[in-house]
Every structure is written in C-alpha cells, then in structure tokens.
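Lettering follows sequence order; numbering is per chain, from 1. All of these numbers come straight from a predicted model, not from anything done at the bench.
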There are 2 protein chains.
Amino acid sequence: MLTRPGDTVAIESPTYYGLLQVIESLGLKALEIPTDPIQGLSLEALTLALERWPVAACVMVPNFSNPLGTRMPDSRKQALLRLLTDHDVPLVEDDIYGDLSLSGTRPLPIKAWDRDGLVYYCSSCSKTLSAGMRVGWLVPGRDFQRAQYLQFINTVSVATPSQLALAHFLEKGHYDRYLRRVRSLHAKAVARMTDRVTELFPTKTRVSRPEGGFVLWLELPGRVNTTELAERALDAGVNFAPGALFSASGKFDHCLRLNCAVRWDNRVERALTRLAALL
Amino acid sequence: MLTRPGDTVAIESPTYYGLLQVIESLGLKALEIPTDPIQGLSLEALTLALERWPVAACVMVPNFSNPLGTRMPDSRKQALLRLLTDHDVPLVEDDIYGDLSLSGTRPLPIKAWDRDGLVYYCSSCSKTLSAGMRVGWLVPGRDFQRAQYLQFINTVSVATPSQLALAHFLEKGHYDRYLRRVRSLHAKAVARMTDRVTELFPTKTRVSRPEGGFVLWLELPGRVNTTELAERALDAGVNFAPGALFSASGKFDHCLRLNCAVRWDNRVERALTRLAALL
C-alpha cells in the first residue's frame with residue numbers, strides 16, 4: 001500500500017529477520033537505523049536518513065522490539081511521530097508484543113498520538129494467544145478504503161472460525177486473565193535465562209534487559225562469529241538465532257538471540273552449558 | 001513467484017474480476033485471450049499471443065471457469081500444455097471449481113499431464129465447503145522450496161484450526177457425501193435459473209450451459225449496457241454482476257452473470273421478473 005519496488009524503507013537495527021525477508025521479496029531496500037536497547041531507534045540517525053534519502057515508509061516495533069525487547073520512552077515516541085510528520089513519511093507500527101510487558105504496564109503505541117493518519121497500526125494474537133490462529137489486524141492511517149480493498153483482494157478475510165473464537169475469548173474476559181499469567185511466566189523465564197547466561201557465559205558477555213516479550217539479545221566479547229557458532233551448536237543439538245539474521249548488511253556477527261519462552265527443564269540447562277562450553 | 005511488476009500475464013476472457021484486481025495490484029498487465037463457452041480458451045489466440053509478446057505466465061481456470069462454467073476438453077488441455085511447454089511459459093491453474101461438476105464426473109486438471117513442473121496448481125475449499133475457513137493449497141511446479149519460502153514469509157501458514165477441521169472432515173469421508181449433495185443442488189439451481197431466464201428475458205438472450213459451478217453467463221440482445229442496468233436494478237433491490245467486471249478492457253458490456261447458489265424463494269422469482277421488466 002505504501003511502497004513500490006525500488007523504494008527505501010527505514011527499519012530498526014537489529015530487527016526481526018521476517019521483516020527483512022518481506023522487504024526483500026517486495027523488491028524494497030532496507031535502511032537500517034541504529035537502535036539502542038534503552039532508548040529505542042536513534043532519532044538522530046533517522047533525522048539524517050530522512051534528510052538525505054527518499055524514505056517511502058518506516059517500519060517499527062516501538063513496544064518490546066524483537067530482538068532487543070526495548071520499550072521506546074513515550075517522549076521519544078512523540079518526537080519520532082513529529083519527525084515523520086515533518087517529512088510526511090508514514091509509519092507502519094507493529095505492536096505485536098505490546099501486550100507482553102514484563103512489568104504489567106501496557107505501554108501506549110505511537111498510534112495513540114496520531115492525528116494525521118500517518119500511522120498504520122498492525123497487531124496480532126500470534127505472540128500472545130496462538131500463532132496458529134493467524135488472526136491479525138490493521139488500523140490504517142489516511143486511506144482506509146484502499147487498505148480495505150488491498151486486504152480484500154489479497155486475503156479476502158481472516159478465517160472466520162479463528163475470528164469468532166478470539167471474539168468469544170475476549171468477550172468472556174479470558175484474555176486479560178490469560179495475559180496476567182503469561183506475562184508472569186515470561187518475566188520468570190527471562191530472569192532465569194539471564195541468571196544462567198550470567199553464570200555460564202564469558203564474563204564480558206552483555207545481556208539485554210527486555211521490558212517486554214520473551215527474547216534475550218546477547219553481545220559476546222572477543223571475535224566470535226555466531227553464524228559459525230550456530231552450526232557447531234546445532235551439531236551438538238542446541239539451537240539459537242545468530243545475530244547476522246537480524247541485519248541485511250552483515251552486522252551483529254558477535255551477537256545472538258535466545259528465546260526464553262521454553263519449558264524449563266534439564267534439556268535447557270544442558271543446552272546452555274554446551275553453548276557456554278563452545279564459546 | 002513467477003512475475004515482476006510490468007510483466008504480462010495471459011488470462012481467459014471473460015475472467016473472474018478478482019484475478020483482474022490482483023493483476024492490477026501487482027503492477028502486471030493482463031493479456032485477455034478469447035474464451036469459448038464450449039471449447040475453453042482459444043489456443044489459436046494464445047499461440048499468436050505467445051509468438052508476439054513476452055508472456056511471463058498464464059493464469060487459467062480450465063475446469064468450470066467463472067463466469068462461463070466451461071470444462072475445457074482433455075485434448076485441448078493437453079494441447080495447451082504442449083504449447084506452453086514449447087514457449088516455456090508457466091501455467092497457474094486455478095482448480096477451485098473442479099469438484100463442482102454438475103454431471104458428477106470429476107475432470108482432470110492440466111496438472112495431471114505436467115511432467116516438467118510447468119504447472120502451479122492452486123485450489124481451495126472456498127467454493128465447496130466454506131469460504132470463511134480460508135483454506136487453500138498450492139502444488140508448485142519447478143521450484144518447490146521457493147514457493148514454500150514465499151508462502152512462509154507472506155502468510156506463515158493457513159490457520160491451524162481450519163486445517164485440522166478440514167482434515168478431520170476429509171478423513172471421516174464426509175466430503176464425498178457433501179459433494180454429491182451440493183452438486184445435485186447446484187445442478188437443480190442452474191437448471192431452474194436457466195428455465196426462468198428463458199421464459200422471462202428477451203427472446204434472443206443467450207445463456208451459457210455450464211458443466212460445473214453455479215453461475216450463468218448471459219449475452220443480451222440489442223445495445224443494452226449492463227453496468228447501467230446494474231445500477232437501476234440495485235435501486236429496485238436486485239443485484240447481479242455486470243459483464244464489464246469480467247474484462248480489463250471494456251468488453252462484455254452487453255453480458256451479465258447470475259449466481260444460482262441462492263435459496264430459491266419468492267424473492268428470487270420477483271427479482272428475476274423485475275430484472276426482465278427493466279430489460
């Protein structure tokens with residue numbers, strides 16, 4: 001809806017590899033904006049990018065981005081929206097992790113401050129209730145009818161049984177109870193994984209402190225290449241996401257992502273011990 | 001998977017308007033090949049088109065195309081595949097109506113003769129069991145892994161509950177019984193609608209004789225414009241699909257499509273009488 005092949009799209013860096021694949025398949029160019037684990041996307045870098053290049057759209061996960069787990073502060077969300085408004089660049093806001101705050105406080109999406117229809121807000125129940133239901137939604141910005149038309153000709157609709165099941169679940173109030181439980185489980189899992197990594201991994205390993213979601217981002221000391229490490233780890237039966245996946249331009253070779261949304265048992269303990277030994 | 005923006009795609013004419021919308025949204029050009037209600041797509045016209053223009057792909061509904069309801073004869077299906085093979089042009093075969101033969105005989109898809117992986121076979125349960133389930137499938141031609149990759153990054157998967165429900169329905173043998181009933185209902189509905197149109201509409205109206213599916217294609221005598229007629233009919237509470245919808249180049253102004261998959265009652269009778277009066 002917002003781009004044509006050849007256009008440039010500004011994204012967070014590191015970012016979810018699925019987004020990089022979509023950008024590539026649509027013939028678009030990814031412009032990676034450095035993103036800080038605490039402050040979120042660098043507004044300074046984005047300002048420079050918007051002044052220098054024609055950016056067709058910006059795609060972001062301001063609440064608990066994958067892999068950093070950052071919650072962009074509200075003041076920076078508003079500043080980002082002002083910046084995009086000044087340059088008339090639309091924002092695709094992916095809020096798929098927004099309900100998964102580890103503290104329990106649901107942060108506002110940037111869409112909350114959108115007065116000009118510049119924000120195309122997307123979300124889904126895939127990261128909360130069930131990825132298999134394939135229920136997602138879009139609150140489009142300026143051109144609702146065009147969005148509806150493209151939705152229709154591309155997918156007609158989301159599967160009706162899934163929509164009805166989700167509607168029933170929400171109506172009965174189950175979702176809020178479910179969220180409370182799952183947030184608390186994720187918080188424990190992230191804390192436990194952080195503790196084990198701190199104990200087992202090389203001393204100068206840096207670990208993200210996610211405010212939401214269920215993944216950890218690790219920066220390893222020295223000259224380790226995590227893509228090679230991933231191959232050796234897989235031979236030892238251990239799977240993780242190497243850092244290079246999260247960039248289109250070969251960054252983050254010394255980083256990796258751990259998924260904490262696993263049933264914690266001896267297998268996880270052994271896997272972490274093996275990975276640490278390989279390191 | 002098979003095209004880039006600017007490419008030309010050969011299609012049947014008349015064709016389903018949803019396909020025209022998809023072609024437009026992907027920035028492709030539609031090359032309309034005349035299609036006969038008895039013989040199907042004109043191989044002579046397609047031969048000419050393939051010799052004269054670079055055609056990236058061909059998209060067809062050889063079994064009971066919408067709106068004509070044509071079943072392309074097997075000998076012509078094989079000739080079409082040979083022609084496409086000679087020009088190395090892939091065929092996207094949409095077999096969504098293939099199970100809805102009015103006689104009860106399930107025709108073979110062109111994919112049945114495909115030895116070179118030139119045919120990308122698509123189908124769905126949307127026209128048989130339920131459009132709301134959103135379950136479809138693809139048997140790709142040459143590049144299975146690329147198809148799987150694009151499916152994954154575009155939709156990840158079909159909703160799991162829908163897939164499991166359909167699998168269960170098939171496993172228990174309900175689908176075959178269901179098909180027998182629904183085919184017989186469609187056959188009766190098509191026959192009844194044909195009878196009423198013959199009685200009520202202008203004498204030189206030509207009506208298709210679909211071999212499958214549940215729509216009728218009408219060619220009206222004289223200089224009637226069915227797009228204008230559709231507006232006036234809608235004011236009178238009557239809805240049909242005007243012929244112009246089925247072409248990207250303004251053909252079929254004097255044609256219209258009637259959907260027979262309706263519960264037959266006095267409202268349908270009154271609607272047909274009103275439409276005939278407007279004509």
Query raised in the report: When only heavy atoms count and the cut-off is under 4.5 Å, which of residues 154-164 of chain B reach chain A?
Result: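 Residues in range: B:T155, B:V156, B:S157, B:V158, B:A159, B:T160, B:P161, B:S162.
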Report task. For the pair B:T35 (side chain) and B:S13 (backbone), establish whether a donor and an acceptor sit closer than 3.5 Å, ignoring hydrogens and angles. Result ->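 Yes; judged by distance alone, with no hydrogens or angles, the pair exists.
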Requested in this report: Output the distance between atom CG (A:L68) and atom CH2 (A:W217), rounded to the nearest 0.5 Å.
Outcome: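 One finds 7.0 Å between CG of A:L68 and CH2 of A:W217.
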Report task. Name all residues meeting the salt bridge (Lys or Arg N to Asp or Glu O under 4.0 Å) criterion together with A:K251; count only those two or more places apart in sequence or in a different chain, and write none if there are none. Result ->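 Salt bridge (Lys or Arg N to Asp or Glu O under 4.0 Å) list for A:K251, sorted by chain: A:E32.
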Requested in this report: Would you tell me whether B:H174 and B:R177 have side-chain atoms, one donor and one acceptor, within less than 3.5 Å of each other?
Outcome: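 The criterion, which ignores hydrogens and geometry beyond distance, is satisfied for B:R177 and B:H174.
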**Report entry** Contacting region of B:L19 [heavy-atom separation from chain A under 4.5 Å]
**Finding:**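 Contact with chain A is absent: no heavy atom of B:L19 under 4.5 Å.
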Query raised in the report: Would you say the side-chain atoms of A:S101 pair up with the backbone N or O of A:R106, donor to acceptor, closer than 3.5 Å?
Result: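 Between the backbone of A:R106 and the side chain of A:S101 there is no qualifying donor-acceptor contact (under 3.5 Å).
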Query raised in the report: Rounded to the nearest 0.5 Å, how far apart are CZ of A:F246 and CG of A:L20?
Result: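 One finds 9.5 Å between CZ of A:F246 and CG of A:L20.
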Query raised in the report: So which of A:G132, A:A131, A:G136 has the biggest tally of heavy-atom pairs under 4.5 Å with chain B?
Result: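 Going by pairs under 4.5 Å, I would pick A:G132.
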Report task. Give a yes or no on whether the backbone of A:V59 and the side-chain of A:E93 come within a donor-acceptor separation of less than 3.5 Å. Result ->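 Checking the backbone N and O of A:V59 against the side chain of A:E93, no donor-acceptor pair under 3.5 Å is found.
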